[in-house]
Amino acid sequence: MASAPYRGRLAPSPTGLLHVGHARTFCIAAERARAAGGTLICRNDDLDRDRAKPEFVRAFLEDLTWLGLKWSEGPDVGGPFAPYSQSERLPQYRAALDRLQATGWVYPCRCSRRDILAAIAAPHAGDDEPIYPGTCRSARLAPGEVGRVAWRFRVPAGEAVRFVDGHFGPQCLVGGRDFGDFVVWRQDELPAYHLACVVDDAAMHISEVVRGADLLASTARQLLLYRALELVPPAFHHAPLVADANGQRLAKRHDALSLRALRARGLTPTEALAAAP
Ligand code: GLU
């Protein structure tokens, strides 16, 4: 039987400038798609209404092009699974939430607004959410509360989620120990990162997700979502994290290591990729 064609994706969030860490991960993603004779998709993860800015979309398109990366589907070129900007795909996420509600995989949660608001972004190293104590697990929706609560995924306690990572090999993360019930929908009617990511990767027929190693626990959460939504998960390949000279993971605050800053200093793309340890 012929295997499905390789489809990979670059999924930047336009909440700041891309830095060397993003660049290395995206180059690995592009190289894996090229080596497999596959297709590369660019997706604009712009759900964060407060932080996503059109100028950062322009900046990532320009920076990725400067790096020499090419995609055949994306927010700038369209494609068969358009739209490629998450802010334009809310009905798809809503339909997935409806399914999770109908099958009892999610419950309404009235806990800390702060945790729930943070769920819109992918939890990168050091900012992963604490294990949820289960306060609202048996909560029910009160009449008139629709649209005013968040929704959390019911992670089976003690379940070992296993997958073989393309780079790091066999992984095993245990529900309730390594990660807890996570937010899939915020009370301000926006999907959380995990739900949007799963819905889009499945809808766009992504066959392999390449992303930073700080998202390994996110992958375990997302595998539970694939199962709950009866979707086929892609393969996963986590890229080693890039640190600064002090051993700290690169974040968007590291403006000096942004691709723009390196380019302005006259570095070539190859030199920019080597600009962190
Ligand atoms: N937009 C997310 C980020 O930049 C994507 C994470 C992922 O690859 O799933 O963190």
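Quick note: residue numbers are just sequence positions, from 1.
Across all their heavy atoms, Trp71 and Ile41 have their closest contact at CB-C, 4.2 Å. Contact record, Ala228 with Leu100: CB-CD2, 3.7 Å, taken as the closest heavy-atom pair. For the residue pair Ala119 and Val183, the shortest heavy atom distance occurs at CB-CB, 3.8 Å. Of all heavy-atom pairs spanning Asp181 and Tyr132, the tightest one is O-CB, 3.5 Å. Between Pro191 and Ile120, the closest heavy-atom pair is O-CD1, 3.8 Å. Taking all atoms of both residues into account, the shortest heavy-atom contact from Ala29 to Leu10 is CB-CD2, 3.9 Å.
Side-chain contact, Asp48 with Thr15: no donor N or O sits under 3.5 Å from an acceptor N or O. With hydrogens and angles left out, the side-chain atoms of Arg211 and Thr219 include a donor and acceptor closer than 3.5 Å. For the residue pair Tyr193 / Gln222, a side-chain donor-acceptor distance below 3.5 Å is found, with atom types taken as modelled. Inspection of the Asp45 and Ser13 side chains reveals no N or O donor paired with an N or O acceptor under 3.5 Å.
Hydrophobic clustering keeps Leu173 apart from Leu215 (ILVMFWY residues linked when any side-chain heavy atoms are closer than 4.5 Å, directly or through intermediates). Hydrophobic clustering (ILVMFWY, side-chain heavy atoms < 4.5 Å, transitive): Leu61 and Trp66 are in one cluster. Grouping the Ile, Leu, Val, Met, Phe, Trp and Tyr side chains by contacts below 4.5 angstrom, directly or via other members, places Leu40 with Val57. Hydrophobic clustering (ILVMFWY, side-chain heavy atoms < 4.5 Å, transitive): Leu216 and Leu241 are in distinct clusters. Grouping the Ile, Leu, Val, Met, Phe, Trp and Tyr side chains by contacts below 4.5 angstrom, directly or via other members, places Val184 with Val199.
Looking only at distances, a side-chain donor or acceptor of Ser207 sits under 3.5 Å from a matching main-chain atom of Arg7. Formation of a donor-acceptor pair under 3.5 Å by the Asn44 side chain with backbone atoms of Pro75 is not found in this model. Gln171 contributes a side-chain N or O that, together with a main-chain N or O of Gly169, makes up a donor-acceptor pair within less than 3.5 Å. Side-chain atoms of Ser258 come within 3.5 Å of backbone atoms of Ala261 as a donor-acceptor pair (strictly under, hydrogens ignored).
Between the CZ atom of Arg148 and the CG atom of Leu141 there is a distance of 9.5 Å, given to the nearest 0.5 Å. In this structure, the separation between CG on Leu262 and OG1 on Thr268 is 10.0 Å, given to the nearest 0.5 Å. Taking CH2 of Trp151 as the start and SG of Cys136 as the end, the distance is 11.0 Å to the nearest 0.5 Å. Taken to the nearest 0.5 Å, the CH2 atom of Trp105 stands 10.0 Å off from the CG atom of Leu229. From Arg94, atom CZ reaches atom CG of Leu97 across 5.0 Å, with rounding to the nearest 0.5 Å. Leu69 contributes atom CG, which lies 12.0 Å from atom CZ of Phe60 (distance to the nearest 0.5 angstrom).
For residues 149-177, the set of pairs meeting the salt bridge (Lys or Arg N to Asp or Glu O under 4.0 Å) definition, not counting sequence neighbours, comprises Glu159-Arg227. The salt bridge (Lys or Arg N to Asp or Glu O under 4.0 Å) analysis of residues 56-72, with sequence neighbours excluded, yields the pairs Glu62-Arg260, Glu62-Arg263, Asp63-Arg260, Asp63-Arg263. Residue pairs that meet the salt bridge (Lys or Arg N to Asp or Glu O under 4.0 Å) test with at least one member in residues 191-210, sequence neighbours left out, are Arg9-Asp201, Arg32-Glu208, Arg43-Asp200, Arg43-Asp201, Arg89-Asp200.
Salt bridge present: Glu31 and Arg34 bring a charged side-chain N and a carboxylate O closer than 4.0 Å.
Looking at Pro123 and His194, their side chains come closer than 4.5 Å, going by heavy atoms from C-beta outward. Between His19 and Leu259, every side-chain heavy-atom pair lies at or beyond the 4.5 Å cut-off. Residues Pro234 and Phe236 meet the side-chain proximity criterion, which asks for heavy atoms closer than 4.5 Å. Using a 4.5 Å heavy-atom threshold, the side chains of Val155 and Phe179 count as touching. Proximity of Leu17 to Phe56: side-chain heavy atoms (C-beta onward) are separated by under 4.5 Å at one or more points. For the pair Arg24/Leu273, a side-chain contact is recorded, criterion being any heavy-atom separation below 4.5 Å from C-beta on. Between Asp178 and Val161, the closest side-chain pair of non-hydrogen atoms is not below 4.5 Å. Residues Pro12 and Phe26 have side chains in contact (heavy-atom distance under 4.5 Å, counting atoms from C-beta outward).
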| query | Can Val242 and Thr25 be said to form a side chain to side chain contact (heavy atoms under 4.5 Å, CB included), step by step? | reply | CA-CA 9 Å; Val242 177; Thr25 302; over 6 Å; no
| query | Checking side chain to side chain contact (heavy atoms under 4.5 Å, CB included) for the pair Tyr226/Val232: CA distance, chi angles, key distance, verdict? | reply | CA-CA 6 Å; Tyr226 277 99; Val232 180; over 6 Å; no
| task | Mind running side chain to side chain contact (heavy atoms under 4.5 Å, CB included) on Phe153 and Leu225 for me, showing each step along the way? | result | CA-CA 8 Å; Phe153 188 85; Leu225 274 176; 3.7 Å; yes
| request: Report the C-alpha distance between Tyr107 and Arg140 in whole Å, list the side-chain angles of each, state the deciding distance to 0.1 Å, and finish with yes or no for side chain to side chain contact (heavy atoms under 4.5 Å, CB included). | output: CA-CA 7 Å; Tyr107 58 86; Arg140 292 197 187 287; over 6 Å; no
